[in-house]
Participant: 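Quick one: this structure, given as structure tokens, is what I'll be asking you about.
Below, chain A is the first sequence line, B the second, and so on; all start at residue 1.
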Amino acid sequence: MGEAPKRVAIADLGRHVGETVEIRGWLYNRRSSGKISFLIVRDGTGVVQGVMVRGEVPDAAWETYDVLTQESSLIVEGTVREDARSPGGVELTLHAVTPVQISTDYPIGPKEHGSAFLLDHRHLWLRSKRPWHVLRVRDGLIFAIREFLHGRGFLCLDSPILTQAVGEEAGTLFETEYFDLGTASLAQTGQLYVEAGCMAFGKVYCFGPTFRAEKSKTRRHLTEFWMLEPEMAWYDWEDNISLQEELVVHLIEYALANHGDDLEALERDLASLEAVKPPFPRLSYDEAVDVLRSAGSGIEWGQDFGGEDQTLLTAEFDRPVFVHSFPRVAKAFYMKQHPDRSDLVLCNDLFAPEGFGEIIGGSQREDDHDRLIECIREESLPLAAYDWYLELRKFGSVPHSGFGLGLERTVAWICGLPHLREAIPFPRLINRLSP
RNA sequence: UGGGGAGUAGCUCAACUGGCAGAGCGCCGCGCUGUUAACGCGGUGGUUGCAGGUUCGAAUCCUGCCUCCCCAGCCA
């Protein structure tokens, strides 16, 4: 026997043409045509087809074909060869096949399945082509977000998950007992904490899971989702919008440059992503309502945009659309009042094209102590819960702004997914807590 | 929380007006030296979501319950 072959990743096979290598992975599928058989092997980095010809491989290897079932783990050894007939352009002439564990009755087959069945088997579904590509894009976007922000002097300031203060709306909180301190709730947002952070570090962000107990059953909602929340001291609402635009452009460029293969495998229309270039249209709420009315919407001034309105609005443009200066009645208490219109606040939403809806909500924050107290009272929120937050306005208050970007909605948009449940590894929905 | 749709083999779905429970995939067996969700032939596989009712007879009609899917509201 010669030396043990080098163990390589399938993703790197192109650099090992002509060499004999070892791959450790799982059987994705198999096909046979009598005296020639094909083992489609995946190892987490990619998929490669192994070929065995009867009489040209040891009988022991040849006979493993009959034993190996879908998703059995195995170790194969073979010679890397370029071959246009093979998907991926590279295939493996097998010399040895060693089963590690034989899988029996793997539930996910090559034919179609329903979404409920697949979600029940999410722990296994992750191995399938579609989730595999989606979650690679998700990982890439997380990396690109952090890269973008650190490149601009941001500091990551993690906000707590267990909180006492209410972030936005009471009534949609997940609650739990917290020792002698009463009820704790899972954070709906880290915003109040990054507001504290930006006064210490200038530009900060938090990025983690957030929780909403809304009983909504739509393709645009999860009960647990990841939100990026940058917060910047000395930024006004227009600086805020410019940063959002740069970030979104960066994410699209990153995805196209680094995940083109994934997006193609997902059959994403790349042309519509390539069209996402600055500047994005910026409409005031009043202008957006006019556009919607002339497009046939029955929206009344003061209402927030529904799903249909968002689709209608973005259909007018080929790139994401900013809408700013919303009515105060439609927005959260902490947003700063418009200097010329007391019925508006200095905020913005960003709507993704092609009906993917709102991916960002942001605003300049109310920085005046007394005015902020008025806002809290107007919303009938418990003033005591905001004591530390109010102190930020007593010790060197400055204009500041920030926004929240929904990661899953961004992933869904970039990957072209019809439902958010595919944009997160283990989705939490109103009727789903497992796996 | 409202509106709509659907539960039949392990999976995806058929079954006309109430009249023998079916197909493809999977799985098992046989065949095939380049397959691409391989293919051909044969076989395996059912408490028709649960409980009750109508009927000579119910997957099918009626009542209640459960579950899932889609849409709306709310939001990221």
Participant: Distance check needed: C25(B) P versus F117(A) CZ, whole Å only.
Facilitator: 17 Å

Participant: Between atom CD1 in I108(A) and atom C1' in C11(B), what is the gap in whole Å?
Facilitator: 10 Å

Participant: Between C75(B), C70(B), G34(B), which nucleotide gets closest to the side-chain atoms of R421(A)?
Facilitator: C70(B)

Participant: Choose from U35(B), C75(B), C69(B) the nucleotide whose nearest atom is closest to any side-chain atom of N431(A).
Facilitator: C69(B)

Participant: Quickly work out the H113(A) NE2 to G10(B) P distance and round it to whole Å.
Facilitator: 14 Å

Participant: Apply the test side-chain hydrogen bond (donor to acceptor under 3.5 Å, both in side chains) to residues N348(A) and Q244(A): give CA-CA distance (whole Å), side-chain angles for both, the deciding distance (0.1 Å), then the verdict.
Facilitator: CA-CA 10 Å; N348(A) 76 274; Q244(A) 294 166 38; 2.7 Å; yes

Participant: With under 30° as parallel and over 60° as perpendicular, where do the rings of F174(A) and F211(A) fit, or are they tilted in between?
Facilitator: perpendicular

Participant: Looking at the side chain of S33(A), which of C75(B), C74(B), U33(B) is the nearest nucleotide?
Facilitator: U33(B)

Participant: Ignoring the backbone of E91(A), work out which of C74(B), A72(B), G34(B) is nearest its side chain.
Facilitator: G34(B)

Participant: Side chain of R219(A) only, please: which of C28(B), C71(B), U12(B) is the nearest?
Facilitator: C71(B)

Participant: Assign G307(A) to base, sugar-phosphate, or nothing according to its heavy-atom contacts below 4.0 angstrom with the strands shown.
Facilitator: sugar-phosphate

Participant: Taking pairing as Watson-Crick or G-U wobble with both contacts under 3.5 Å, can you name the mate of A76(B), or confirm there isn't one?
Facilitator: none

Participant: With RNA chain B as reference, determine whether R432(A) or T223(A) sits nearer its 5' end, using the nearest nucleotide of each.
Facilitator: R432(A)

Participant: Whom does C30(B) pair with, Watson-Crick or G-U wobble, provided both distances fall under 3.5 Å?
Facilitator: G40(B)

Participant: Just call it for D105(A): base, sugar-phosphate, or nothing, with non-hydrogen atoms closer than 4.0 Å on any strand.
Facilitator: nothing

Participant: Return the nucleotide paired to G57(B): Watson-Crick means purine N1 to pyrimidine N3 with N6-O4 or O6-N4, wobble means G-U with N1-O2 and O6-N3, both under 3.5 Å.
Facilitator: none

Participant: Tell me which nucleotide among A37(B), A76(B), U33(B) gets nearest to the side chain of E358(A).
Facilitator: A76(B)

Participant: At under 4.0 Å between heavy atoms, what does E56(A) touch on the DNA or RNA strands: base, sugar-phosphate, or nothing?
Facilitator: nothing

Participant: What interatomic distance, in whole Å, is found between C1' of C61(B) and the corresponding atom of U48(B)?
Facilitator: 15 Å

Participant: Quick one: R81(A) CZ to G34(B) P, roughly how many Å, whole number?
Facilitator: 14 Å

Participant: Would you mind reading off the distance between I145(A) atom CD1 and A76(B) atom P, rounded to a whole angstrom?
Facilitator: 16 Å

Participant: Here's a test of your reading of the structure: between S216(A) and G114(A), which maps to the more 5' nucleotide of RNA chain B?
Facilitator: G114(A)

Participant: Which part of the nucleic acid, if any, lies within contact of D304(A), taking any heavy atom under 4.0 Å across all strands shown: a base, the sugar-phosphate backbone alone, or nothing?
Facilitator: sugar-phosphate

Participant: With sugar-phosphate meaning primed atoms plus P, OP1 and OP2, does G404(A) contact a base, only sugar-phosphate, or nothing at under 4.0 Å between heavy atoms?
Facilitator: sugar-phosphate

Participant: Can you tell me the base-pairing partner of U47(B)? Count Watson-Crick or G-U wobble geometry only, both distances below 3.5 Å, and say none if there is no partner.
Facilitator: none

Participant: On a whole-Å scale, what distance lies between the P atoms belonging to C62(B) and U55(B)?
Facilitator: 16 Å

Participant: Can you name the nearest heavy-atom pair linking P435(A) to D120(A), along with the distance?
Facilitator: CD-O, 3.8 Å

Participant: Which nucleotide, if any, forms a Watson-Crick or G-U wobble pair with G24(B), using both distances under 3.5 Å?
Facilitator: C11(B)

Participant: How many Å lie between OH on Y28(A) and C1' on U35(B), as a whole number?
Facilitator: 16 Å

Participant: Can you measure K217(A) atom NZ to C71(B) atom P for me and round it to whole angstrom units?
Facilitator: 12 Å

Participant: If stacking means aromatic ring centre less than 5.5 angstrom from the base's six-membered ring centre, planes under 30°, is F38(A) stacked on G34(B)?
Facilitator: no

Participant: With rounding to the closest Å, how many angstrom separate the C1' atoms on A59(B) and G40(B)?
Facilitator: 33 Å

Participant: Give the minimum heavy-atom separation between S401(A) and Y235(A), together with the two atoms involved.
Facilitator: OG-O, 2.7 Å

Participant: Quantified in whole Å, what is the P atom distance between nucleotide C28(B) and nucleotide G4(B)?
Facilitator: 46 Å

Participant: Within 45 degrees of the ring normal and closer than 6.0 Å to the centroid, is that where the cationic atom of R409(A) sits relative to W413(A)?
Facilitator: no

Participant: With P as the reference atom in both, quote the distance from G31(B) to C11(B) in angstrom, rounded to an integer.
Facilitator: 32 Å

Participant: Without decimals, in angstroms, what is the distance between K215(A) NZ and C75(B) C1'?
Facilitator: 17 Å

Participant: Paired with C68(B) by Watson-Crick or G-U wobble geometry, both distances under 3.5 Å: which nucleotide is it?
Facilitator: G5(B)

Participant: Please measure how far the P atom in G26(B) lies from the corresponding atom in U12(B), and state the result in whole Å.
Facilitator: 15 Å

Participant: Check every atom of G34(B), A76(B), U12(B) against the side chain of E112(A) and return the nucleotide holding the closest atom.
Facilitator: U12(B)

Participant: Please measure how far the C1' atom in U47(B) lies from the corresponding atom in G52(B), and state the result in whole Å.
Facilitator: 16 Å

Participant: Any base atoms under 4.0 Å from H221(A), or only sugar-phosphate, or nothing? Heavy atoms, all strands.
Facilitator: base

Participant: Output yes when a side-chain donor or acceptor of S363(A) lies under 3.5 Å from a complementary backbone atom of R365(A), and no otherwise.
Facilitator: no

Participant: L222(A) side chain: which of A76(B), C70(B), G73(B) is closest?
Facilitator: A76(B)

Participant: Which of these nucleotides, C68(B), U33(B), C70(B), is closest to any side-chain atom of V53(A)?
Facilitator: U33(B)

Participant: I'd like to know if the side chain of E366(A) reaches the main chain of K336(A), judged simply by a donor and an acceptor atom lying under 3.5 Å from each other, with no hydrogens or angles considered.
Facilitator: no

Participant: If you look at every strand shown and take non-hydrogen atoms under 4.0 Å, does H121(A) touch a base, only sugar-phosphate, or nothing?
Facilitator: nothing

Participant: Using a 4.0 Å heavy-atom cut-off across all strands, classify L405(A) as base, sugar-phosphate, or nothing.
Facilitator: nothing

Participant: Which nucleotide wins on minimum distance to the side chain of R212(A), given the candidates G34(B), A72(B), A76(B)?
Facilitator: A76(B)

Participant: When all nucleic acid strands are considered with a 4.0 Å heavy-atom cut-off, which category describes T210(A): base, sugar-phosphate, or nothing?
Facilitator: nothing

Participant: For L405(A) and I145(A), which heavy atoms make the closest approach, and how far apart are they?
Facilitator: CD2-CD1, 4.4 Å

Participant: In whole Å, measure the gap between the C1' atoms of G24(B) and A15(B) for me.
Facilitator: 15 Å

Participant: Mind checking if S32(A) touches a base, just sugar-phosphate, or nothing, with heavy atoms under 4.0 Å?
Facilitator: base

Participant: Please tell me whether Y205(A) and H150(A) have a donor and an acceptor in their side chains that are separated by less than 3.5 angstrom.
Facilitator: yes

